[in-house]
Amino acid sequence: MQIDDRLVARFRAGETQAFDELMVIHTDRLFALAFEILRHREDAEEVTQEVFIKLYNQISGSRPPTCLRPWLYRVCLNICIDRKRSKKRQPVFLEFTEANGSLRTEDASEKVIASVFHDTVEAALNDLPAQQKMAFALCHFAGLSVDEIGESLNCAPATVRVHLSRATLRLRESLSKEKMENECL
Amino acid sequence: MNACKQVADIIGPYLYEEATEQETAMLEEHLKSCECCRLDIARRREAIASLVPAAPTAEERVRIMRMVRTRIASDPVRRRASRAFHALRWASAVALASFLFVCGIWIGQHHASPRQVVKIVKVTAPSVREPAPQASVPRVRVEAPKTETKRMHHKRITHQQVQKQQPLPRLHVRPRVEQVHEASYPIRVVVAPVPSGMNDVRLAAVEERRE
């Protein structure tokens with residue numbers, strides 16, 4: 001967070017290069033978060049651009065955000081939610097392509113199994129209550145701390161901890177259930 | 001079992017290294033003796049490990065940054081306000097407010113003038129009968145004075161204070177003479193001479209009934 005504050009201060013002092021550095025730092029995580037919600041690469045790219053435009057306007061104005069990271073990822077969530085509502089696009093749980101970057105294993109059979117589990121876990125993630133899903137997404141995909149998530153979602157850190165615990169529990173249960181079904185088959 | 005419930009809400013932050021030292025110590029102490037929780041944590045790690053964040057390709061990164069720069073540069077309406085610009089704007093607003101304040105004070109001091117008080121005596125019911133007035137006595141409409149309001153009281157006090165401070169030039173006030181509307185009785189008004197140094201015009205009204 002200190003790096004972000006220094007870059008914002010440099011930008012407001014007139015150094016435009018600082019904004020490019022901010023973009024380099026946050027592009028990957030914003031894209032990951034947007035993709036997780038929208039499940040579409042082009043949409044995730046556009047959302048990332050929108051977030052940076054809003055960031056530029058905000059830090060150029062008279063009231064830059066005091067804590068940049070919670071604000072930034074909260075804006076990303078809001079844009080994604082609005083976009084999803086307007087387009088009503090159904091989420092694609094898995095795009096089985098190398099460019100997706102969602103699979104780790106290289107063996108073909110294990111890839112298939114992994115894709116099934118991934119599909120199951122993704123489905124469980126989509127079934128989470130909204131607050132739990134956002135808290136988990138901000139933690140897992142955006143890499144925010146508990147305090148930052150609380151600031152972003154406007155809730156207490158203790159509530160964020162509970163959300164994380166319950167979200168991971170549900171994901172574990174869905175994975176266990178899938179494994180049991182595969183074993184039975 | 002109670003111990004498992006106590007650590008249930010700690011597991012999520014623990015998996016992401018967000019638990020406090022005290023919570024971490026408590027959980028690890030519990031894991032030493034609880035096989036169930038150890039298995040639970042292992043499966044949770046496996047589940048979240050399968051969710052690898054999607055990363056943009058190099059082309060996507062370049063495209064994102066290029067589009068952002070293009071949109072910022074091409075928007076003619078958006079002001080690239082810097083801190084200096086906002087500081088200048090606030091300074092201008094403060095300067096303008098100060099200037100208007102000083103102007104207001106200056107106008108208030110230089111355009112205030114003493115007021116003339118014309119006291120009019122109320123015309124009461126005709127109870128005093130006097131001989132008919134002479135034809136040359138001017139007739140002046142006498143109106144019942146209004147109830148003195150706070151503002152009028154303040155004006156009167158202010159005027160008295162001004163009088164005390166400096167002698168005002170003598171003013172010749174000619175009473176306005178106009179046709180008195182038909183009344184049940186004639187009204188005679190005597191205009192008293194204005195003493196020197198005073199600018200009050202005192203009017204004494206005398207009534208008489210029609211005989």
Side-chain angles (χ1 to χ4, degrees), chain A residues 12-14 19-20 23-24 27-33 35-36 41 44-46 48-49 52-53 56-57 60-62 99-104 114 117-118 120-122 124-125 136 139-143 145-147 158 160-169 171-176 179, chain B residues 5-20 23 27 37 39-75 77-90:
Chain A
R12 288 175 65 81
F19 185 73
D20 290 345
M23 283 201 287
V24 167
T27 295
D28 285 13
R29 289 184 175 177
L30 284 171
F31 183 89
L33 182 62
F35 180 80
E36 181 57 33
R41 296 192 79 87
E45 202 176 309
E46 290 175 8
T48 308
Q49 292 171 19
F52 283 131
I53 297 290
Y56 183 88
N57 290 336
S60 298
S62 57
N100 193 22
S102 300
L103 302 174
R104 274 188 169 175
F117 288 149
H118 181 275
T120 306
V121 172
E122 282 285 351
L125 186 61
F136 181 80
C139 182
H140 187 81
F141 298 102
S145 66
V146 167
D147 291 336
V160 174
R161 291 163 184 271
V162 172
H163 287 328
L164 285 179
S165 298
R166 291 181 184 173
T168 52
L169 179 63
L171 295 177
R172 188 221 73 177
E173 287 172 350
S174 64
L175 187 64
S176 299
K179 273 190 173 176
Chain B
K5 285 183 182 177
Q6 283 179 3
V7 301
D9 289 340
I10 302 174
I11 294 176
Y14 174 78
L15 290 170
Y16 290 99
E17 298 176 359
E18 288 289 331
T20 61
E23 289 172 342
L27 180 61
C37 288
L39 191 60
D40 180 24
I41 286 178
R43 286 181 178 171
R44 291 198 201 196
R45 284 191 201 275
E46 190 181 341
I48 61 178
S50 65
L51 296 170
V52 178
T57 61
E59 287 180 5
E60 286 170 337
R61 284 196 195 93
V62 169
R63 196 160 51 228
I64 287 169
M65 292 180 67
R66 189 177 67 236
M67 289 301 294
V68 169
R69 290 195 200 105
T70 305
R71 286 176 66 177
I72 289 170
S74 64
D75 192 344
V77 178
R78 182 179 296 120
R79 288 178 296 174
R80 296 174 188 79
S82 63
R83 182 178 267 181
F85 174 79
H86 286 287
L88 183 64
R89 194 170 66 175
W90 278 110

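The chains referred to below are lettered A, B, ... by the order of the sequence lines, with proteins before strands, and numbering in each begins at 1.
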For chain B, the option from [options] that forms the most heavy-atom pairs under 4.5 Å:
{"options": "A:T168, A:T48, A:L164", "result": "A:T168"}
{"options": "A:D20, A:L171, A:D147, A:L33", "result": "A:D20"}
{"options": "A:L169, A:V162, A:V24", "result": "A:L169"}

Between B:R61 and A:T27: side-chain donor-acceptor atoms closer than 3.5 Å:
no
Counting C-beta onward and ignoring hydrogens, is there a side-chain heavy-atom pair between B:I64 and A:L30 closer than 4.5 Å?
no
Do B:E18 and A:S145 touch side chain to side chain, with heavy atoms closer than 4.5 Å?
yes
Can you tell which part of B:R69 gets under 4.5 Å to a heavy atom of chain A, answering side chain, backbone, both or neither?
side chain
Check: A:R166 side chain, B:G12 main-chain N or O, donor-acceptor pair, under 3.5 Å:
no
